[in-house]
S.K.: 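First, the structure itself, so that you have it in front of you.
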Amino acid sequence: MSSDKMNIWILVNHRQGTVEKETYGLAAEAQRLLTMSKQNSEEYCSDGKITAVALGAGLDAELKQLGAYGINSVVYAEGQELARYNGELFAEVLLKLYEKYKPACILMDHNTETSDLAPRLASLMNTSIVTRVIDFTISINREIAATRPVSSGYLFEKFKLERTSCPVITLLPNVLNETEAAENRNIEIINEKIDPGTFNLKTKVTEIMEAAPEDLEIDEAEIVISGGRGVGKEESLDIITRLAKSLKGSVGGTRPIIDWQLLPFERQIGQTGKVISPRLLFACGISGANEYTTGMEKSRLVVAINTDPGARIFKFADLSVIGDVHEVLPRVIEKIEERGIWNL
Amino acid sequence: MLAGIFRHRSVWKAGREESRSGSWAGLIKYIFEHGKILKKRGRGIAHFFVFYGFFLPLVVIILAQFNFEIGIIPSGIVSLLLDIIGTLFLTGIVILLIRRIVSQDSEGPLRTIFPMIILCVIIITGFLAEGARLGISGTETVWASPVGWIFSVFVPASPSFMQIIIRVHFYAVLLFLALLPFNFAKHIIASSLNVYFKRKNPRGELNKAYLTDDSAGAAIVRDFTWKQLLDAEACVSCGRCEENCPAFISGKPLSPRKIIRDIYNLMYLSNGEKISSNMLESTISNDEIWSCTACMACVEHCPVYAEPMDKIIDMRRHQVMCKGQLPAEAVPMIRNLEIFGDVQGKGAAHRMDWAMSPDLEFANAENADADILLWPGCSGAFHPRYQEVLKAMVKILNTARIRFSTLGKDELCCGDPARRLGNESLFLELAGKNISSFRKNNIKKILTLCPHCFNTLKNEYPGVEKELFNKSKENIEVVHASEYIMELIKVKRIVPKYPLKKNIAFQDPCYLGRVNGIYNEPREVISSIPGTALKELDHNRETGFCCGGGGGGMWMHEHSGKRMNVIRAEEVAEADPEVLCTACPYCLTMLEDGLSSLESEKETKVLDIVEIIAGAI
Ligand SMILES: Cc1cc2nc3c(=O)[nH]c(=O)nc-3n(C[C@H](O)[C@H](O)[C@H](O)COP(=O)(O)OP(=O)(O)OC[C@H]3O[C@@H](n4cnc5c(N)ncnc54)[C@H](O)[C@@H]3O)c2cc1C
Ligand code: SF4
Ligand code: SF4
């Protein structure tokens, strides 16, 4: 493929067989780049294109949907070996694809996997890499620049890239705006057969161990079940752990729970513990002292269960349940186990 | 001896410059009154005897060189007095000696024991000589020298023996003086110097931070000022700071005595000259410096006016401003201050939310002709519990028909948590903006509820104003609610009528009591309510026990030992008052939490003094 056409690659982020919304954000970002460079150098970019690259297995149906987001074609490397992330293998595969298609740049959303993958790939490609980018500009014959926050967001640094052959860029998820799907267009899906045996891999995956969701750090988990003094001591807290298991959430607590040594300090939510913002938070038997709410105010959806209708926690709750945790929760858990989480 | 003294001087003089003036009157009063030392009864009295037992005979001996007649009886009385003093001296020195031998002094007792033994030799030979003299010259004035007489019974009445003993006595004195700079006895000089140079600024005003282009705070020993190093030289390792330190008592890895002694050892290790490595950091760990609640108990109780706390803050400054090291739990609060200007991260838009109620109407400072500016502080403005206290204050002001205003949305955190957590630049930024608001609105008098705001506005802002605006306007008067309420009661603007509860105990907030000396006003306020009895807790006034919230403690997890608020809560539960009264938002939150964590049947109610009065009028 000739390199005088601007071909922007975006890496498809997918989980459990579905494409994650960050991918659409990347598509929008690529679109923006194309439009911008079109204004700057019309000839070159008039037929620039966006290609999504996917590594995985069983994604065909999902990938077809990408046409609705302005993506022109998909390069799909399929294989059971690619079903799970493996840094070394993924980097080799992407290198091979890069050598074949020579895109103008590769965009990824910044996450735990890409922070491992991007540097590996860039070093194999012998090109520039900027991670955690919030603003990126590219134009042929012109400069390529990237901006990213430093010092916990107080300052920004802007880079001009010297090696302009296909830089690898990871963009911070919060600058990737979700885009509305347009009408789906038919897009070309190029299947690339990959034989991992051809790579001289130095690492081999021998076993994969799932972390129990309740072991997830509370500030990383999307669902957190937290318990307070009202839940009670000793085994009483088991009800919280059971709910966490059935919702695949992590477990946290107020200071009394930590003082009773039912949970380690890393699981304390609040002013002298951790500040969390999960998508779903259960606050069970918690009065809602300011020192606790400081740590959870930014949670998206809050379910509070308390016997006291006047409890302050209800001011923060989207769903307030007045009742005894030990009566309410067993029934909730039963229902979840019966019908699955999202069909309650 | 002089060479020794100068060598020591060169060591602490290697510290940074700091301008200090001395006070002879203060020193003389300190020495002869011995008040600060006597604060600790037993040892204090022993020290008192040793001091006077050394000093008075010295005076007599010097005077005796002038050969004047004072007659038999007066000279007998002097002699009797000397005997008594000598005995007390001996008792004192033996008590101190035993204390040092059994004490847990980390450096071992040798350093201190040697000079004490010389002192014992001096006094015993003195008595022996007297005994010999009495044996030789007859015992007609026995009443004047009872101890000498006892010695005369078994001491040979030989002139040559007397000569030898007098020589030993004399050489022991010389030896004591000659060795003075090299052992513990040097505190006679170093501690006196430290008292001479003691601080004249308000106690609550922290030293300005040491800031250069590439460093901040104390990274190495020489980053301390000479006065800070003199503190270390003056320290007698008596351990009073440690005995009163809430961090130490509650089992945290911090001892203010160790801090001072470590600095002392390091400054001699480096001889004031060569040290450049970060020995300071490897000797004093981060766990130590972050355990301090800035309660100033160590400063209050040090008999030689050494101030362990400001060293801790200087080391924090280095960790925070040069290394970005801050306990993880405190980071969100500091970010909130940086971005929103308040500890809760709510922002200016929400600062007046507490006042969104039709019965809370008052002016903004900009267009008010008010008597006083009410300063809600972050706690009053944002903490749900303290908002109640703030509203109670408004009720009192309205009842007293005081015209007051607030800065409204222009108010920012006073900066105390930032400053005491070592973030001096953030403190200066917040303070600067607040001071500009005061100047713009021509504020003359400010009323605060929180003792930390009170201390910062009253004691620290004048210095910042001088620095930033090059001249300080006429100083703004800052009053704490407890003082102000007492004033209102005195002039009968408000009259507490309705008894609330009989037994009220008072928790002295560190920054009201120890730091600003306000002990009586809150007690008077409580007692002014009819039918109320004030119940003192075991630890009160100067020995009041910190709730654990100061110095950024509200935002740090206590990783080891027992929680300070629980220790205090246990003491309160023991005293069993009906109400625990306090006058500080940190104390209020900490003690409510501490008492509820005791999970006892009967829960003591915790109220702010403002609420108590608002309920009584
Ligand atoms: C400086 C400082 C820092 C602090 N930092 C933190 C912190 O980081 N994190 C933190 O969590 N706390 C912190 N605290 C403590 C905080 O102030 C509260 O004391 C604590 O959050 C209260 O915990 P709780 O809600 O579990 O207990 P409580 O306040 O005792 O509340 C228990 C609640 O459970 C309800 N209840 C009782 N039985 C039942 C039942 N069977 N079913 C349902 N509901 C029931 C009660 O109605 C009550 O509302 C801090 C305190 C201080 C002073
Ligand atoms: S200020 Fe208080 S907590 Fe800090 S060292 Fe001194 S006594 Fe201990
Ligand atoms: S600093 Fe003061 S109180 Fe502490 S050990 Fe030294 S002399 Fe005693």
Side-chain angles (χ1 to χ4, degrees), chain A residues 149-156 217-220 228-234 236 252-277 285-299 308 310-317, chain B residues 290 324 326-336 338-340 342-347 350 353 378-388 417 425-426 429 548-549 552-566 569 585-586 588-590 592-599:
Chain A
V150 286
S151 297
S152 335
Y154 293 128
L155 301 172
F156 296 98
E217 303 259 355
I218 49 172
D219 44 355
E220 281 176 9
R229 186 153 28 214
V231 178
K233 290 190 181 172
E234 312 304 333
S236 308
T254 61
R255 199 156 87 170
I257 298 292
I258 277 64
D259 285 349
W260 294 339
Q261 303 189 332
L262 298 181
L263 290 176
F265 169 60
E266 293 74 49
R267 301 202 163 269
Q268 178 175 322
I269 298 163
Q271 181 166 312
T272 52
K274 283 194 172 145
V275 177
I276 61 169
S277 50
I286 291 173
S287 59
N290 187 58
E291 289 70 34
Y292 169 77
T293 55
T294 301
M296 51 65 74
E297 274 171 320
K298 299 200 175 82
S299 306
D308 172 10
R312 181 170 183 264
I313 190 67
F314 289 141
K315 286 194 187 164
F316 298 81
Chain B
W290 293 115
L326 183 71
E329 317 90 78
V331 173
M333 183 276 284
I334 290 290
R335 286 211 56 184
N336 285 337
E338 285 169 333
I339 300 170
F340 301 104
D342 66 75
V343 296
Q344 296 257 330
K346 297 275 161 70
H350 293 284
D353 285 2
C378 294
S379 300
F382 298 113
H383 196 286
R385 177 68 185 85
Y386 218 64
Q387 282 175 346
E388 294 168 28
S425 31
L426 178 54
E429 189 188 321
M554 287 298 284
W555 293 272
M556 288 187 285
H557 179 68
E558 296 181 34
H559 284 277
S560 52
K562 194 165 176 172
R563 263 224 302 281
M564 298 177 209
N565 62 342
V566 175
Y586 296 169
L588 186 68
T589 326
M590 278 289 192
E592 273 187 350
D593 179 61
L595 283 163
S596 74
S597 76
L598 297 184
E599 292 170 4

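Residue numbers begin at 1 in each chain, while the letters A, B, ... track the order of the sequences.
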S.K.: Partners of B:K562 by salt bridge (charged side-chain N to carboxylate O under 4.0 Å, His left out), sequence neighbours excluded?
M.R.: B:E570
S.K.: Count the heavy-atom pairs under 4.5 Å between each of B:E558, B:M333, B:R385, B:H559 and chain A, then report the option with the highest count.
M.R.: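 Looking at each option in turn, the highest pair count goes to B:H559.
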S.K.: Can you tell me how far apart OH (A:Y292) and CZ (A:R312) are? Round to the nearest 0.5 Å.
M.R.: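 Reported to 0.5 Å precision, the distance equals 11.5 Å.
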S.K.: Under 3.5 Å, side chain of B:Q387 to main-chain N/O of B:A381, donor-acceptor pair present?
M.R.: yes
S.K.: For chain A, which candidate among B:P327, B:G324, B:S596, B:P332 shows the most heavy-atom pairs at distances under 4.5 Å?
M.R.: B:S596
S.K.: Which atoms of B:T589 come close to chain A, meaning under 4.5 Å heavy atom to heavy atom: side chain ones, backbone ones, both, or neither?
M.R.: side chain
S.K.: Find the one option among B:E592, B:M556, B:H383, B:M554 whose heavy-atom pairs under 4.5 Å with chain A are most numerous.
M.R.: B:H383
S.K.: Other residues, nucleotides and ligands only: do more than 12 of their heavy atoms fall within 6.0 Å of CD on A:Q261?
M.R.: no
